[in-house]
Amino acid sequence: QVQLVESGGGLVQTGGSLRLSCVVSGNIFSFVTMGWYRQAPGKERELVARIRGGTSTYYGDSVKGRFTISRDNAKNTVYLQMSSLKPEDTAVYYCRGVVGVSNLEVWGQGTLVTVSS
C-alpha cells in the first residue's frame, strides 16, 4: 500500500522561503506524475506545481518564478521549494501522485502554510 506524507509547513513572513517535502512510503517509480495542490479557506483546490517523468515540470501562473518542484528518487521524496512568499499563498498544501498503468491517484494528508503580512 503506497502512501504519501507531507511535512515542512509552518508560519513565515512575507518574502520568506519554505521547503515542503512529500515522502513516498513505497516505490516512487510507480508514479508517472506527482504534484502539489493547495486549498485556502473558502476557496477551491488548485494545482500549484507538477512534475512528470522526473524532468518535465508545470507551474500555476500564480506561483511561476517563485516555486520549484523537484524529485529525489534515492530518497523517495518530492519537494516544493517556495520563495518570495505572499499572504495569498496561505493554504493547506497537498501532495498527489498518479500511478502509471492504472491511473490511480494517491493523496497525502496535507500540511498548513501560513504567510503573515
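Just the heavy atoms: all of them, side chains too, but no hydrogens, waters or symmetry mates, feed the values below.
- How far CG of L11 is from OG of S116: 5.0 Å, rounded to the nearest 0.5 Å.
- Proximity of E46 to S62: side-chain heavy atoms (C-beta onward) are separated by under 4.5 Å at one or more points.
- Taking CZ of R50 as the reference point, atom CD1 of I69 lies at 9.5 Å (rounded to 0.5 Å).
- Summarising the geometry, atom CG belonging to L80 is positioned 8.0 Å from atom OG1 belonging to T68; distances are rounded to the nearest 0.5 Å.
- Under the 4.0 Å criterion applied to side-chain N and carboxylate O atoms, D61 and K64 are assigned as salt-bridge partners.
- Remark: T77 OG1 to N73 CG distance equals 9.5 Å, nearest 0.5 Å.
- L4 and V99 fall within a single hydrophobic cluster, where Ile, Leu, Val, Met, Phe, Trp and Tyr are joined by side-chain heavy atoms under 4.5 Å apart, directly or via other members.
- Here the side chain of Q39 pairs no donor or acceptor atom with the backbone of E44 at under 3.5 angstrom.
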**Prompt:** Yes or no on side chain to side chain contact (heavy atoms under 4.5 Å, CB included) for E6 and L20, after CA distance, side-chain angles and deciding distance?
**Reply:** CA-CA 7 Å; E6 304 100 328; L20 305 183; over 6 Å; no
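- Remark: aromatic rings of W36 and F67 are distant, center separation not under 6.0 Å.
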**Evaluation steps, side chain to side chain contact (heavy atoms under 4.5 Å, CB included), between F31 and V106** = CA-CA 9 Å; F31 296 96; V106 182; 4.1 Å; yes
**Message:** Run the side chain to side chain contact (heavy atoms under 4.5 Å, CB included) test on I51 and T33 for me, step by step, so that the C-alpha distance in whole Å, both residues' side-chain angles and the decisive distance to 0.1 Å come before the verdict.
**Reply:** CA-CA 6 Å; I51 185 167; T33 300; over 6 Å; no
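- Here the shortest heavy-atom pairing between C22 and M34 reads SG-CE, 4.3 Å.
- Residues Y59 and L47 have side chains not in contact (no heavy-atom distance under 4.5 Å, counting atoms from C-beta outward).
- A cation-pi geometry, defined here as NZ or CZ lying under 6.0 Å from the six-membered ring centre and within 45° of its normal, does not hold between R38 and Y93.
- Follow the hydrophobic side-chain contacts under 4.5 Å out from V12 and you reach V48 in the same cluster.
- Formation of a donor-acceptor pair under 3.5 Å by the R66 side chain with backbone atoms of S84 is found in this model.
- Note on V2: it does not cluster hydrophobically with W107, by side-chain heavy-atom contacts below 4.5 Å among ILVMFWY residues.
- Between the side chain of Q3 and the backbone N or O of S25, no donor-acceptor pair lies under 3.5 Å.
- Atom OG of residue S117 and atom NZ of residue K86 lie 14.0 Å apart, to the nearest 0.5 angstrom.
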**Request:** Let me see the working for L18 and V113 under side chain to side chain contact (heavy atoms under 4.5 Å, CB included), right down to the final yes or no.
**Result:** CA-CA 9 Å; L18 205 60; V113 173; 4.0 Å; yes
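- Proximity of a side-chain donor or acceptor of S17 to a complementary backbone N or O of S83 within less than 3.5 Å is not detected.
- Atom-to-atom distance recorded for L112:CG and T90:OG1 is 8.0 Å, nearest 0.5 angstrom.
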**Worked verdict on Y37 versus R96 for side chain to side chain donor-acceptor pair (under 3.5 Å)** = CA-CA 7 Å; Y37 292 74; R96 174 185 183 252; 3.2 Å; yes
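- Counting non-hydrogen atoms of neighbouring residues, nucleotides and ligands closer than 6.0 angstrom, the CD atom of E88 exceeds 12 such neighbours.
- In this structure the side chain of Q13 never reaches within 4.5 angstrom of the side chain of V115, judged on heavy atoms.
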